[in-house]
Novice: 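One structure coming up, written as structure tokens, with questions to follow.
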Amino acid sequence: MLEQSIEAFKACVNDWLSAIAQLGEKPNRGNLHRFAYRAIRDKYPQLHSNVVQDAMNLAIEIYRSWLKNGGEFPKFRSDVIYFKGVDVRIENNGLVVPLMGRRVYLPLYVPKKYKKYLQYKHGRVIIKRVDKDWYALVSVNVPEKEPIKPVGTIGVDLGYYNLLVASDEKGRVVMRVQGDILIRHKEHMERLTARRQERLMKKFGIYARTNHKDRRFVNDLNHKIAKALVLKAKQLNRAIVLEKLKGLKKQRRPKLLRKILHLWSYADLIAKIVYKAKLYGVPVIFVSPRGTSKTCSNCGYYVRTFKDDRVFRCPKCGFVADRDYNASINIAKKGLEELRKRTFLPTLKDEASSPQGW
Ligand SMILES: [Zn+2]
């Protein structure tokens, strides 16, 4: 039944795409529905009406991304079927979904670490076939934790040489992730690919690609960085401070990193930090990036020009530090100001004391 249903869903999405091509105007849920719903609905009696609707929404999404990216007119080929949350019940370690006009029970294997999510209200369910295996992607609404009352802040500077440097307002380093973790990964993957390519070339005369693996690695890395940072903040009872960034920061990309850095993005890491912080009840504060990299975190002097890209030298007090580290302290201080405006924290005395942990 699942087999037949995903085939029907695939054909249905493609019919919606053809309808869009015939529509002659920009498709939206209203005009497209009026134009073709009746005909398509009648053609697929085996699909639930909400599934036909979801096929339409998916077709509109596919069409819009095609408008943006160009190429051949899209054809939907994925082995999936979408269900609205209201049409699915989760019970007895399984899903009850509408298939071929009936409600069908599908037993689920739920990995141990995901079991706790079954208690929450679920949303959309996507059932997907990968080779001979079937997967259910179930979205759930996890309630946000009651936020902690922070005693201070952790400033986070994101960059290329250091993907992330996090420290508190006193200069104690909380976390540091160096950019060369990406270089090492890239080199490792290139060695693997070289070997694989040689084998594949000999055997089949084809090339192997690794791009998707790089993407998965970067995604995974950002998850780990975000989680480690948020747990650390929770443990130290501090709010996380990030810079409001408009587009990419102006920083030269190290040559070695260019090959893989295009896959790594600030926006993605920031999104993951914000998401996980909500989950763990850690407040996140955004501050303006103005001056954070050029101000001396020790004495507050504003340094206009730099000879060295990597090292911060203060001509006034002689403070010398890694530039990203210096910036992270400034970000932590700005965040603390912001936090003090919101709550009644004791004021920071002795702001010019020399940073520790450096
Ligand atoms: Zn200084």
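Here, residue 1 is the first one in the sequence, and each next residue gets the next number. Both counts, for ligands and for their atoms, begin at 1 and track the order of listing. Just so it is clear, the values below take in all heavy atoms, side chains as well, and ignore hydrogens, waters and symmetry mates.
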Novice: So with a 6.0 Å cut-off around CZ of R313, is the heavy-atom count from everything else above 12?
Specialist: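 No, because the 6.0 Å sphere around CZ of R313 holds 12 heavy atoms or fewer from other groups.
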Novice: Which protein N, O or S atoms sit under 2.8 Å from the Zn ion (ligand 1)?
Specialist: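 Correct list: C296 SG, C299 SG, C314 SG, C317 SG.
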Novice: For the pair R64 and E61, find out whether any cationic side-chain nitrogen is under 4.0 Å from an anionic carboxylate oxygen.
Specialist: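 Answer for the salt bridge query: no.
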Novice: Could you pull out every donor-acceptor pair under 3.5 Å between side chains of residues 102-109 and any protein atom, sequence neighbours left out?
Specialist:
unit_1 : atom_1 : unit_2 : atom_2 : d
R103   : NH2    : D87    : O      : 3.0
Y105   : OH     : N92    : O      : 2.5

Novice: Using a strict 4.0 Å threshold on nitrogen-to-oxygen distance, state whether K341 and E338 make a salt bridge.
Specialist: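 Salt bridge between K341 and E338, a charged N being under 4.0 Å from a carboxylate O: yes.
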Novice: Provide the full list of ring-ring contact (aromatic ring centres under 6.0 Å, His included) pairs with a residue in residues 18-71, sequence neighbours left out, each pair given once.
Specialist: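 Residue pairs with at least one partner in residues 18-71: H33-Y37, Y63-W66, W66-F73.
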Novice: Should side-chain heavy atoms under 4.5 Å link Ile, Leu, Val, Met, Phe, Trp and Tyr, which residues sit in the same cluster as Y135?
Specialist: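 Members alongside Y135: V130.
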